[in-house]
Engineer: 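If you scroll down you'll find the structure; I have some questions about it.
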Amino acid sequence: MNISKTLRGRAATAVSLTAVLALGATACGDDGSSSGTEGSGKGEITFWDNNGGPRTAIWTEIIKDFEKENPDIKVKYVPIPIADVQSKYDTAIAGGGLPDVGGVGTAYLANMVSQEALEPVNDRLDESPLKGKLVEGMVESVRAAAGRGDDLYSVPTSANNGALWYRTDLFQQAGLDEPATWPKFYEAAEKLTDAKNNKFGYTIRGGAGSIAQALDAMYGQTGITEFWDGDKTTLNDPKNVAALEKYAALFKKTTPSADVNNDFTKMVAQWDSGTIGMLSHNLGSYQDHLKALGEGKFRGIPAPIGEGGTRVQVSNPVDGLGLFRSSKNKNAAWKFIEFAASHESNSKWNESAGAIPANTEAANDPWISKTEPTALAAKALTDGSTKIVDLPYYLPDWNNISKADNEPEFQKLLLGKITAKAFLDKMADELNAAQKEWKELGNG
C-alpha cells in the first residue's frame, strides 16, 4: 500500500521537531512505544494542559484541590499553548517525554491513537464513579473521533461550541435585527461597515484555525447535513461552493484586511477593542468579551439558521483527558482524570471557560442558566433544532489536511488568487484519498 503524502509529511515533521525542540524524557513519561505500568498510585505524575495560558489559573486551582484530597500524589503541571499542542505530542511520541495525563481534543485524537500513544479507558470507566455521569453525546463524539470501534481513548470534559458574537449596541444604533439567519447576517455585515472610519460588520478568520470556521459558515448556509455521500465528501458540492464563495467575498469588503493573517487570539482581541459588529468564535472567549465590553453590549447566539429553516453546524471538537500508554503510574494518573471530570471540578473548569460540561451533574448547575451564551448553545444542541455535520476527526490525516495543507490555500482564496471551487476540489480530493486509505486498513 502506498503511504499518503500527509502521512509521510507528519512523520517527517515529528522527527524534525524532535531535533529542534528536544523535550527530553520526564520522570514519569516515556515515548509511545512503552506499555508503562500501573504503578503504586502514589508519587508524581505529569499533566500537560493543551490550552496553557488561558486555562492555567483554573487548572492550578483544580490541581491544588486534588493534591489536598490525595496528599500522596504530586501533579507536575506543564502548560502547552493550544497552537503547539499537536506538534508537542508528535515530538514526544517520536523522541520521548510523554506525560502521564494530557488534554486531548477530538480534532487530533485519531493522530495520537494511530501512533498508539493513548490507552483505552473503557474498563477503567466501567469501574469508575464517572460511569453513567458523562454526557452521552460527548462520549460518542470522542469514541467516533478515535476511529477504533467501541474503544474510548479520552474522558470528555467539555464541548466548546461555536457561537456568533454580535455587538447589541451597534445593532441597536443601526436598527438591525439579531443576525439569527444567514440573510440577516449578510445584511448586518454590509450595513455596519464604514471602512473609511475603520468600522466593519464582521471579522473573518484567515490565519490558523480558519478552515473549521469557513466550513461552519458553508454548511450552515446550504443546509447539507452529511459530510460523506458514500465514499465521496460533500465538501465540494456545488451548493457548498456557492456558499463559500459568498462568505469569502466578505474579506476586505466588510472585514479588516488584517484578517487574512488573524488567528483566534488576534481576531478576538480585535473584536473586543474595536467597532466590529460580529465575530464567529467558540464559547471560550466569553470572559474576554465580558471584561472588554461589559454586560449589555454583546450577545453570543448559536449559528444562524440556513435554508429551509434549519440550523446546521459542523461538529465542534470535544475536549478531554487522555491516559498515556507509556505512563509508569497509571493508577495515580487515572485518579487525577476521575477527579478532574467529577461534578465539582468539571463544573468549576467549565464555568471558568464558559464551555458546556461533560459531567451530567455539572451540566445542571445554576451557573449555566446565568451564562446566556452557554445556555443557548447547550439548548441548541439538545432540543433538536440543530443538525450536526460530523467532521472526519477519525482520519489520521484530518488535522494535516484541515490545517497545514489547506490554511495557506484558504488565504489564497481570500486574496482572490484561487476560486472557491479550486479550494474545495483540492481539499475534497485529499479527504477522499484519506478516507479510501483508512478503509483499506480495515476501518469503517
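Treat the numbers as computed from the prediction; the structure is a model and nothing was measured. The first residue of the sequence shown is numbered 1, and numbering continues consecutively from there.
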Engineer: If a pair satisfies ring-ring contact (aromatic ring centres under 6.0 Å, His included) and one of its residues is in residues 208-244, list it, with sequence neighbours excluded.
Structural biologist: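 Residue pairs passing ring-ring contact (aromatic ring centres under 6.0 Å, His included), neighbours aside: none found.
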Engineer: Between Glu127 and Lys131, is there a side-chain N and carboxylate O pair less than 4.0 Å apart?
Structural biologist: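 Here Glu127 does not pair with Lys131 in a salt bridge, since their nearest N and O are not under 4.0 Å apart.
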Engineer: Taking the basic N atoms (NZ, or NE/NH1/NH2) and the acidic carboxylate oxygens, is any pair closer than 4.0 Å for Glu119 and Lys330?
Structural biologist: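 A salt bridge links Glu119 with Lys330.
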Engineer: Which donor-acceptor pairs under 3.5 Å do side chains of residues 237-244 form with protein atoms, sequence neighbours excluded?
Structural biologist:
residue: Asp237; atom: OD1; partner: Lys239; partner atom: N; Å: 2.8
residue: Asn240; atom: OD1; partner: Thr222; partner atom: OG1; Å: 3.0
residue: Asn240; atom: ND2; partner: Thr234; partner atom: O; Å: 2.9

Engineer: Which residues pass the salt bridge (charged side-chain N to carboxylate O under 4.0 Å, His left out) test with Glu351, not counting sequence neighbours?
Structural biologist: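 Scan of Glu351 (salt bridge (charged side-chain N to carboxylate O under 4.0 Å, His left out), adjacent residues dropped) gives none.
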Engineer: Residues in ring pair (Phe, Tyr, Trp, His ring centres under 6.0 Å) with Phe251, at least two apart?
Structural biologist: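 Partners of Phe251 under the ring pair (Phe, Tyr, Trp, His ring centres under 6.0 Å) test: none.
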Engineer: Applying ring-ring contact (aromatic ring centres under 6.0 Å, His included), which residue pairs with at least one partner in residues 413-444 are found, sequence neighbours left out?
Structural biologist: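 Sorted result for residues 413-444: Tyr394-Trp438, Phe410-Phe423.
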Engineer: Suppose we screen for ring pair (Phe, Tyr, Trp, His ring centres under 6.0 Å). Which residues come up paired with His289, at least two apart in sequence or across chains?
Structural biologist: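 With sequence neighbours excluded, His289 shows a ring pair (Phe, Tyr, Trp, His ring centres under 6.0 Å) to Trp165, Trp271, Phe298, given in chain and number order.
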Engineer: Which salt bridge (Lys or Arg N to Asp or Glu O under 4.0 Å) pairs, counting each pair once, include a residue from residues 133-148, with sequence neighbours left out?
Structural biologist: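 Residue pairs with at least one partner in residues 133-148: Glu116-Arg148, Lys133-Glu361, Glu140-Arg143.
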Engineer: Any salt bridge (Lys or Arg N to Asp or Glu O under 4.0 Å) pairs touching residues 215-233, not counting sequence neighbours?
Structural biologist: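 Listed by first then second residue: Asp231-Lys439.
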Engineer: Show every side chain to side chain donor-acceptor pair (under 3.5 Å) that has at least one partner inside residues 243-252, sequence neighbours left out.
Structural biologist: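 For residues 243-252, and leaving out neighbouring residues, the side chain to side chain donor-acceptor pair (under 3.5 Å) pairs sorted by first residue read Tyr202-Tyr247, Gln213-Tyr247.
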Engineer: I'd like to check the side chain to side chain donor-acceptor pair (under 3.5 Å) partners of Thr56; sequence neighbours left out, ordered by chain and number.
Structural biologist: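 Scan of Thr56 (side chain to side chain donor-acceptor pair (under 3.5 Å), adjacent residues dropped) gives Tyr77.
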Engineer: Output all residues satisfying salt bridge (charged side-chain N to carboxylate O under 4.0 Å, His left out) with Asp150, sequence neighbours left out; order by chain, then residue number.
Structural biologist: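 Partners of Asp150 under the salt bridge (charged side-chain N to carboxylate O under 4.0 Å, His left out) test: none.
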Engineer: According to ring pair (Phe, Tyr, Trp, His ring centres under 6.0 Å), who are the partners of Phe200, at least two apart in sequence or on a separate chain?
Structural biologist: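 So Phe200 forms no ring pair (Phe, Tyr, Trp, His ring centres under 6.0 Å) with any residue.
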